[in-house]
Structure formats: C-alpha cells, structure tokens
Amino acid sequence: MKKRFLVTTALEDSWPENGESVIFLGEWCRLFSRKKIWEKMDAEVLPYHWDDRDKLHKDYKDICELFEKILNELTIELNKIHSVNHSSRYWRILLGPWLINFIPIIFDRFSCINNALLSSSIKAVIVSDRAVFDAIPFDMTNFAALQEDDLWNSDIYAMIIKLINFDGEVFRKTIKNNPIYSIKKPKILVLIKDLLGRVLTSFSSNNSIFIITPYIGRLLNFKLQLKLFQFPSLFRSKRFDNEQPNSDFREWKFENLNCDNEFEKILKELIPLQMPTVYLEGYKKLCLNITYANWPKNPKIIWTSNSFYLDDFFKLWAAEKVEFGTPLIIGQHGGHYGQGLFSLPEYHELQICDHYFSWGWKANSKVIPIGFLKQNSKLTKIKSLNTKALLITSGAPRYSGTLMSIPIAGQVINYIDDQLEFYKSLTPDISKSLIIRLYPYDYGWSQRERWKEAFPSSVIDNNKDFNKSIQDVNLVIAGWNSTTYLEVLALDIPTVLFWKPNLFELNIDAAMLFEELKKVGIFHENPLSAAMHVMEIWDDIDVWWSNPDVVKAKNNFINTYVKPVDLINNLNIELRKLS
C-alpha cells in the first residue's frame, strides 16, 4: 500500500510539497476555488463515516446519552470551581449549546482521523504549531464562528493526533488561515440599537413578561407588549470584554467520569482545554454584569426564540431566574423543527424549556402550537408579464457542527449537484426564466462559481431583500428542508420541493404529510422528477395550484408547520395563561 501524507484541512501550508501522495480527510479540504491545485495532485479522499446515514442516526442517539452523562459531571466540577451550588438545568441553559455542539464535533474529527489510520498507510501529517490556548473560544458566539474555521479545525485535529496512537511522523509549523471568515465588528446601526435598547429598558425593567428576540419582528413585538399592558421593551444583552485563558482554570479533571472508549477519553481531556473562557475565567465577571443589569428582577415568565443559543449574557440571567421558578418559553425559530428524524438543536431546546411555541406541530405536552411566528406583512405581489420562477438554494458548513437530518460536511456537494441537475433537466425556455437565489453564507463552497462554471448564462439573484426576490415570481422551487420554503407556502405562492430522502430523513408524522405533497406534485424525491413536473405545469401554474387535491394536501401541511393564526391574540392569551 502506498504511503501518503494525511491532509486534514484546506490550509495549504499543511499540505506536503514536492509532489507527495496525499489522502484528504474529507471534501472540506478541497476548496472549489483551488481546484487547479488539488486536481493535479496524487490524492485520494477518505470516504466520510457519516455517509452511512444509519450510523449517523445511531451516533446521534449515543451522543445525546453522552451529553447527559457529561453534563451531570460538569455540574459537579463547575460548581466546585466557582464555589456555587447550581442545578444541572442551570448549567444546561448556560453552556448546553456549546457542549451539545462540541461533543459531535470532536466525535466527527476523531472518527475521521481514526478511519484514516485504519484504511490507509499514513506517512506523515503537518499540523499547526499554535499554542493550545490560542484555540480556546471566548464565548458561544466566538465558538460558533470557530467551528467553521480552517485553522481552528486544524488545531483540533492536532490535539486529537497528539492524544491517539498516531503511527506516522508529525511535523509542526506555522500555518496561515484562509481569509474565508471574519468576525464582524459592531456596525453603527447595531450601536444605535444598543443605545435605544438601554433607553427602553429603563422604562420596562419591571415588566412581568420578559420578551427578547421573539422572532415576530419589532412592530408585532411592540403591539404584543402593549396588549399585555406593559411598556414595550427592546432588551439587548450587554457587551463585555473577552477574558483570556488562564492555566489556573484549565488544570481540573473530571473526577468521576468513567470512559467507555478511546473517544470518551479524548473528550475528557479536551473539554477543560476547549471550554469557552466565559464559562471559566470570565464566569464571575459575567455574573457581576448580570447583577448590575437593568433587567426585571422577578419576571413571571421569560420568552425568547433566539437568545438561548449564542447570547451568554441572557443565558446566565435566564438560568438564574429559572432556578427561582420562572418558567422559560422557547419559540421555534426556523424550519426542520417538528419534521426531522433527528436534531440536536430541537433536542436541546425542548430540554431547557418549560413550554415551547411551535409553528403548528405538537410532539409532547411542552409544545404549544402557537402558529407561524415569522409572518410576512411587507410583501406586495406584482404580476409579471412572463412566467418566472425562483430556485432557492441553501447550504451548511464544510466542517460538521450540530447534528440534524440534513446534509453534513461533504454531503453538501451532493446537494449542490442536485440543484445543478435540476437546472440542467429543464427546457431552455424555462431555465432562462429561472432565477437562482444563493444562500447568503457560502461557507467556502463557492456556489456562485460552481453555477457559473456549469451554466454561464444562469441568472443569479442579487436582491438582499427576499421580498423583492419573490414579489413577481409565479413559482418557487426549493431543495432544502429549511425555513424559506415554509415562508413561501405561508404566502400561498405555488411551490415545488425536492430533495433526496436519505439526506433529509423525516419523522413518521412529517413523512405522512410529505407523502401527501408528493402525490400532488409539490414534493419530489429527486431533481429530475421535480424538473419534469415544473415543465408539465409551466404554462398554467395557477390551475395546478388551485386543484382541489393540491389545495387539500397543501393546507394540511401548512396547518401543521406554518399555521395561519391571529398571532398577537394567540400570544396574548397563551402568555397570560402561562404567567
């Protein structure tokens, strides 16, 4: 067997020189923009372990169990470190979003390295010589950015390689990062909103129903709070300086965590080294900031649809209030919820909340089908002289992060290929009338460049405002199980969906409703079927959309996943009842 250099990321400083044979750990190593470099190399790409989607589902269940075990041990250790006595629910609310992402990330990186060692003769690997402390995230927002970052992933691979029995040589060198991602500084508009938020907060610090980032828009939020007879608030979390890592906070070990395998032993070593500083070095400062915050001291209820994930300031404040008995409501903030076969975000949100506002579905007693929160009141439809269609694309990071029943890592290329196949299958007159709306975050996949290489005459939508993109189209096509197509269906715009079931696994209830959509041509399981249907209905899309069978299937689906309601009235009733 030929010996090869192992390449773990797209950072070319970590690639061997002089024409050495390599094995790429995954498709994330091969940027489309650098195709002229890597396609000339003597290279193989390691098969991705989660291409076995049954394994992915099994690993998801195992990771949920492991998360619970580690959370219980972390509760003990962090209470000891900080000389406090908080419940596991408190720590789940505060650092659960980090832990429930970190575990599958390390499992994935470990599995890839392990599979490379098992399946190939590895000669050597080049890793970053950065100090371990340089890779520690400051907070959850920083961690969310880093998990998509090439250099941070290179550091994680280096840590794992150091902890396992790696047979090949390990060369350490300074590695430059790819300029794909940047941490944005606050814009003037954000600073103005912060100032306005502080002013409004001074009048609403006694609000009994605390609402922050509810996902209903500022206008509806103000109307709702007036209906609740409380001063409209615009609570915004306080920004604070990042705390630097300190070895005094990093030398602790899990005393009672029994490890069942090599991965768990590695995870046990990496958690103290990788936990964001806000939960260790910066914890006391964060607690102090909360103490002086002009937020309600004794709210009757807390509702958010977004802040529970990235916002460490809110999470600590909410965790404290929950410990004293304040109910926490989480609102649905996107698609896939209630549909996917598995989802770590959905699992976490249902675990931390007392009540969950869904857009129409109900999974258990916590879930309240409140109705579609993201209502669009800004769209003004314009009649087009010619038939037009919009293809909405999506995407996911090159490196795996959270686990959901969607394409992960290199599987995104399969998804992109399906979109190209759909376009290719259309007749020329229809493809000329099709506009492609790319996902705003490219993640380094170079989707625009792929489209232009495959179809130079394809029309890419450059509107930043989604309403402008859909205001004059007759048909919307979407190939990803996400938020956007649900918004379109809620507006009753003719819609065709397509994706491969083995990349977007559904739960039993959702599968039944999608089967109804499939029978009437709304949902398709491959791009060719979707293209054939679009060509069939093109000359009279409205006749198809108004067919009684189509209307029945569409309405059944809408009433479950984007239920149309008098939203303000529903929220007013439920929030009063729950408080």
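- Annotation: the span from N572 atom CG to L567 atom CG amounts to 11.0 Å, rounded to 0.5 Å.
- Here the side chains of P97 and K315 are in contact, with some heavy-atom distance below 4.5 Å.
- Checked against the 6.0 Å centroid threshold, F504 and W480 count as a close aromatic pair.
- Evaluation of the side-chain hydrogen bond (donor to acceptor under 3.5 Å, both in side chains) rule for H348 yields no partner, not counting sequence neighbours.
- Looking only at side-chain heavy atoms (C-beta outward), T304 and I330 come within less than 4.5 Å of each other.
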CA sep, side-chain torsions, deciding dist, call: S307, T213, side chain to side chain donor-acceptor pair (under 3.5 Å): CA-CA 6 Å; S307 295; T213 59; 2.7 Å; yes
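- Of the N and O atoms on the side chains of Y337 and E349, at least one donor lies less than 3.5 Å from an acceptor on the other residue.
- Listed here is the closest heavy atom pair of C112 and W28: SG-CH2, 3.7 Å.
- For the pair H333 (side chain) and S305 (backbone), a donor-acceptor distance under 3.5 Å is present.
- At a cut-off of 3.5 Å, with distance as the only test, a side-chain donor of D150 or Y399 sits close to an acceptor on the other residue.
- By the side-chain hydrogen bond (donor to acceptor under 3.5 Å, both in side chains) test, N502 pairs with no residue at all, sequence neighbours left out.
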Full working for ring pair (Phe, Tyr, Trp, His ring centres under 6.0 Å) between W317 and F210: CA-CA 11 Å; W317 177 84; F210 181 89; 4.3 Å; yes
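- Looking at K35 and E453, a side-chain N of the basic residue comes within less than 4.0 Å of a carboxylate O on the acidic one, giving a salt bridge.
- The aromatic rings of F235 and W295 sit perpendicular to each other, their planes meeting at more than 60°, with 30° as the lower class boundary.
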Pair K519-D549, salt bridge (Lys or Arg N to Asp or Glu O under 4.0 Å): steps then yes or no: CA-CA 9 Å; K519 289 176 181 176; D549 292 336; over 6 Å; no
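- Counting heavy atoms from C-beta on, the side chains of W451 and L420 come closer than 4.5 Å.
- Atom CD of E536 and atom CG of D540 lie 12.0 Å apart (nearest 0.5 Å).
- Note: W303 and F357 have perpendicular aromatic rings, judged against thresholds of 30 and 60 degrees for the angle between ring planes.
- The two residues L310 and A144 have their closest heavy-atom pair at CD2-CB, 3.8 Å.
- Here the shortest heavy-atom pairing between V473 and L390 reads CG1-CB, 4.0 Å.
- For Y439 against T393, the heavy-atom pair with the smallest separation is N-OG1, 3.2 Å.
- The nearest pair of heavy atoms linking I558 to L489 is CD1-O, 3.4 Å.
- Ring centroid separation for the pair W38 and F24 does not come in under the 6.0 Å cut-off.
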H524 vs F422, ring pair (Phe, Tyr, Trp, His ring centres under 6.0 Å): CA-CA, chis, key distance, verdict: CA-CA 11 Å; H524 301 261; F422 169 80; 9.2 Å; no
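- Between atom CG of residue L146 and atom CG of residue N142 there is a gap of 4.5 Å, rounded to the nearest 0.5 Å.
- In this structure, the side chains of F308 and I93 stay at 4.5 Å or more apart for every pair of heavy atoms.
- Using a 4.5 Å heavy-atom threshold, the side chains of I63 and Y347 count as separate.
- By the 4.5 Å heavy-atom criterion applied to side chains, E421 and N526 are not counted as neighbours.
- Under the 4.5 Å side-chain criterion, counting only non-hydrogen atoms from C-beta, F314 is in contact with I302.
- If you run side-chain contact (heavy atoms from CB on, under 4.5 Å) between H336 and each of S405, S482, P345, only S405 comes through.
- Salt-bridge annotation for E574 and K577: present, with a side-chain N of the basic residue lying under 4.0 Å from a carboxylate O of the acidic one.
- Under 3.5 Å, the side chains of R53 and Q411 contain a donor-acceptor pair of N or O atoms.
- With sequence neighbours excluded, the residues forming a side-chain hydrogen bond (donor to acceptor under 3.5 Å, both in side chains) with W361 are Q332, listed by chain and number.
- Judged as a side-chain hydrogen bond (donor to acceptor under 3.5 Å, both in side chains), and not counting sequence neighbours, the contacts of D461 are R437, N463, S469.
- A search for ring-ring contact (aromatic ring centres under 6.0 Å, His included) contacts involving F342 returns H57, Y60, not counting sequence neighbours.
- Remark: K388 engages D472 in a salt bridge (Lys or Arg N to Asp or Glu O under 4.0 Å) (not counting sequence neighbours).
- Between Y48 and W50, the ring-plane angle classifies as perpendicular under the 30° and 60° cut-offs.
- Between S358 and V367 the shortest side-chain heavy-atom distance falls below 4.5 Å.
- Aromatic pair W359/F372: ring centres closer than 6.0 Å.
- With rounding to the nearest 0.5 Å, the separation of CH2 in W445 from CD1 in I413 is 4.5 Å.
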